[in-house]
Each structure stands twice: as structure tokens, then as C-alpha cells.
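Here the structure is laid out as C-alpha cells; the discussion comes afterwards.
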Amino acid sequence: MEIDAFKLKKLRNYLNDEIGIYVEDNKLRNIYERKIIKLLERFDYNDFNKFFKDLILKKNSILKQEFINVFTVNETYFFREKHQFDTLIKYVLPTLDKIRPRNEVISILCAPVSTGEELYSIAILLIEEGNLIKKRDFLLLGIDIDSNVIKKAKEGIYSARSVHKLPPELIKKYFVEEKGNYRIKDFLKKVVNFKVINILDKYAMKKLGVFDVIFSRNMLIYFDEKSKRETLAIFYSILKDEGYLFLGHAERIPSDVKLFESLKIGESFVYKKNSNSK
Ligand SMILES: C[S@@+](CC[C@H](N)C(=O)[O-])C[C@H]1O[C@@H](n2cnc3c(N)ncnc32)[C@H](O)[C@@H]1O
């Protein structure tokens, strides 16, 4: 089977409208054509038009989810860009702790969380820091569009590569070694939550509530400009006043978007909600 360029572009545009990811022409042919053909075969389609019609009419929600899972890039690991977690723990959370009412929960959203390492890294560092969690409750939520990665995040079983940046004493404290893999201990699993959500679905996002901190690293680089701006507006709407946004090291907010103020804290760039904007 072969899929012609026109059809591949139709799929690319549909994906882009639905979830923001934009795939360039050369990657469509070189990387994704083969994967889409496999998907068609798995779902017993030998007619592309029938497949596309079922996809866009959302006749089969499993088909749509599996189609999306084909295009996501899920690379992540514990303590990736550790300096950003240090900025969170040493500067951002103590600052929020001073200004938020004593009985208020501080909420942190990882959007996207992929297989969970980022959110578990935050949980580990919060426990290690000790003082903040003695004073108040925290809510830690991770979301991702890819159902496979959310399943893995909930299972909490990681390869040696995934934990390679963690010091051995933290591995010992928070993981059980099992057949060359590392399983998150139950007490740590209990403090995090994971959900499958499309970040561009503003109704689903608003239903999550409001957050003090949003980590959104290494997703916007795959988005087109329009989806990136839409996502930033959604983040703005679900961040509390004085809330903070962390992006990946290769990601920046366009200079004409005035929703956030950029701060440099140590090695990290952090964005603070500009409460008078919009
Ligand atoms: C490279 S991973 C980043 C993981 C982690 N934040 C990190 O930096 O290590 C990018 C993730 O973005 C997710 N993603 C892409 N588009 C999305 C969307 N519209 N809504 C939610 N997640 C999305 C993908 O499924 C993928 O798991």
C-alpha cells in the first residue's frame, strides 16, 4: 500500500487542527507514511477514503486515539533540565507560599507530562525539600494527549535510561528495582494524578480548575504558530494570579504576546502571569 502526497497532507492538516502538532512534508513521507499504513492494516482498512471519513466523523474513538498516538514524540526522563526544578523548589514555591492563604492548596500542572517522569521528579524534590509539604497541601496533576504514555505514567515502571540522572540514594528511596527496571514506590504514586487530555481542548482544560504553576516543556516546539498562541492563551486562563509558567529550553513566548512577564532566575527562564493583560 502507498498513500499519495495529497492524502498525507489531508491527514497532517486534520492532526494539526485537532491537537496542534504540525508535521513537515519530508517527515510525512519519510517517517509517518509507514506508520499510518500499519495503522490502517491494524484496523482492517484497505480503502484510505473510508479510513479518513471514519476518522474525521469520529466514528471510532479508539481509531482516533491510535492515530494521534502515531504522531506524538514522547521523549522524557527524570530530572531533565534539573535547574528548572531547582528554581521551582527554591524560588517559585517559597514565593507562592508567602502570598497564598495558609489553607490554600498549591497546584502544579505538567502539560504535557508524557510518561510521568517530570511530575514524579517534582514530587520527589518536594518531599526532599521537606519544609513546604509540612506547611500546606499540594496537588500534582499531569496530562497528555497520548493514552499510551498516561498508562505508563500510572504504572510507574521505568528503564535505567529514564532514571540515569537520579542520584543512587534517591533511586533507593523512591523506587523498587525489578528485573533491570525501576518501579515507583506506592507512597509516591499516591501523590500524583494523571489524565488523558488535549491541551487545545479549552473546555476540558477549564474543567481541570486553576493552577499556581504550569510546566509545559518540549511540546510547543512541535506546534504551528496559531496552535502555540492558542495554547498560551489557555494556560493564561487557567493560571492563578501571580502564577508561573515553565517552558522547555528551546521554547519562547513570542514578543508580541503580553500575557506573561519573563524572569531569569539562576539558569532558568520563568514566565509569570501578567494579571492585567488580555
Ligand atoms: C517530548 S514530550 C515532553 C514531555 C516532558 N514535558 C518533558 O519535557 O520531558 C511531548 C509530549 O507532548 C504531548 N502532546 C502533544 N500534543 C499534545 C496536545 N495537544 N495535548 C496534550 N499533549 C500533547 C505528546 O503526547 C508528548 O508526550
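One-based numbering, in listed order, for ligands and for the atoms of each. Because the structure is a prediction, the values reported are computed rather than measured. Just the heavy atoms: all of them, side chains too, but no hydrogens, waters or symmetry mates, feed the values below.
Of all protein heavy atoms, the one closest to atom 16 (N) of ligand 1 is F223 CE1, 3.6 Å. With hydrogens left out, the protein atom closest to atom 10 (C) of ligand 1 is V73 O, 3.2 Å, a heavy atom. Of all protein heavy atoms, the one closest to atom 8 (O) of ligand 1 is N218 ND2, 2.8 Å. Nearest to atom 5 (C) of ligand 1 among the protein's heavy atoms is E118 OE2, 3.6 Å. Closest to atom 9 (O) of ligand 1, if we only count protein heavy atoms, is T76 OG1, 2.6 Å. Of all protein heavy atoms, the one lying nearest to atom 25 (O) of ligand 1 is D144 OD1, 2.5 Å. Closest to atom 7 (C) of ligand 1 among all protein heavy atoms lies R80 NH1, 3.3 Å. In terms of protein heavy-atom proximity, atom 4 (C) of ligand 1 is nearest to S114 CB, 3.6 Å.
Near D146, meaning under 4.0 Å from one of its heavy atoms, ligand 1 places the atoms 25 (O). The contact set between ligand 1 and I199, taken as ligand atoms under 4.0 Å from a residue heavy atom, comprises 18 (C), 19 (N), 20 (N), 21 (C), 22 (N). Those atoms of ligand 1 that come under 4.0 Å of a heavy atom in R217, given as number and element, are 3 (C), 5 (C), 6 (N), 7 (C), 8 (O).
Of the possible polar contacts, one joining the N193 side chain to the L140 backbone as a donor-acceptor pair under 3.5 Å is found. Here the side chain of R136 pairs a donor or acceptor atom with the backbone of E104 at under 3.5 angstrom. Listed for the N274 side chain is no donor-acceptor partner under 3.5 Å among the backbone atoms of L259.
In this structure, K82 forms a cation-pi arrangement with F79, its terminal cationic atom sitting closer than 6.0 Å to the ring centre and no more than 45° off the ring axis.
Note: an N/O pair closer than 3.5 Å links I19 and ligand 1 by distance alone. Considering both main-chain and side-chain atoms, I145 comes within under 3.5 Å of ligand 1 through a nitrogen or oxygen pair. The N/O atoms of I21, backbone and side chain alike, include none that comes under 3.5 Å of an N/O atom in ligand 1. Any N or O atom pair closer than 3.5 Å counts here, and G20 shares no such pair with ligand 1. Between N198 and ligand 1, an N or O atom pair is found at a separation short of 3.5 Å.
Salt-bridge check for D54 with K64: failed, with every basic side-chain N at 4.0 Å or more from each acidic carboxylate O. For E251 and K228, the salt-bridge test fails: no basic side-chain N is under 4.0 Å from an acidic carboxylate O.
Heavy-atom distances between Y77 and ligand 1 stay at or above 4.0 Å for every pair. At least one heavy atom of I197 sits closer than 4.0 Å to an atom of ligand 1.
For F78 against K165, the heavy-atom pair with the smallest separation is O-CB, 3.6 Å.
Side chains of T87 and S268: a donor on one and an acceptor on the other come within 3.5 Å. Using a 3.5 Å distance cut-off with no hydrogens or angles, the side chains of Y174 and E128 do pair a donor with an acceptor.
Aromatic ring orientation, F52 versus F48: parallel (interplanar angle below 30°, classes split at 30° and 60°).
Among Y45, Y14, F43, the single residue meeting the ring-ring contact (aromatic ring centres under 6.0 Å, His included) criterion with F51 is Y45.
The backbone of E75, and not its side chain, has at least one atom closer than 4.0 Å to an atom of ligand 1 (non-hydrogen atoms only; backbone = N, CA, C, O).
Between L96 and V213 the shortest side-chain heavy-atom distance falls below 4.5 Å.
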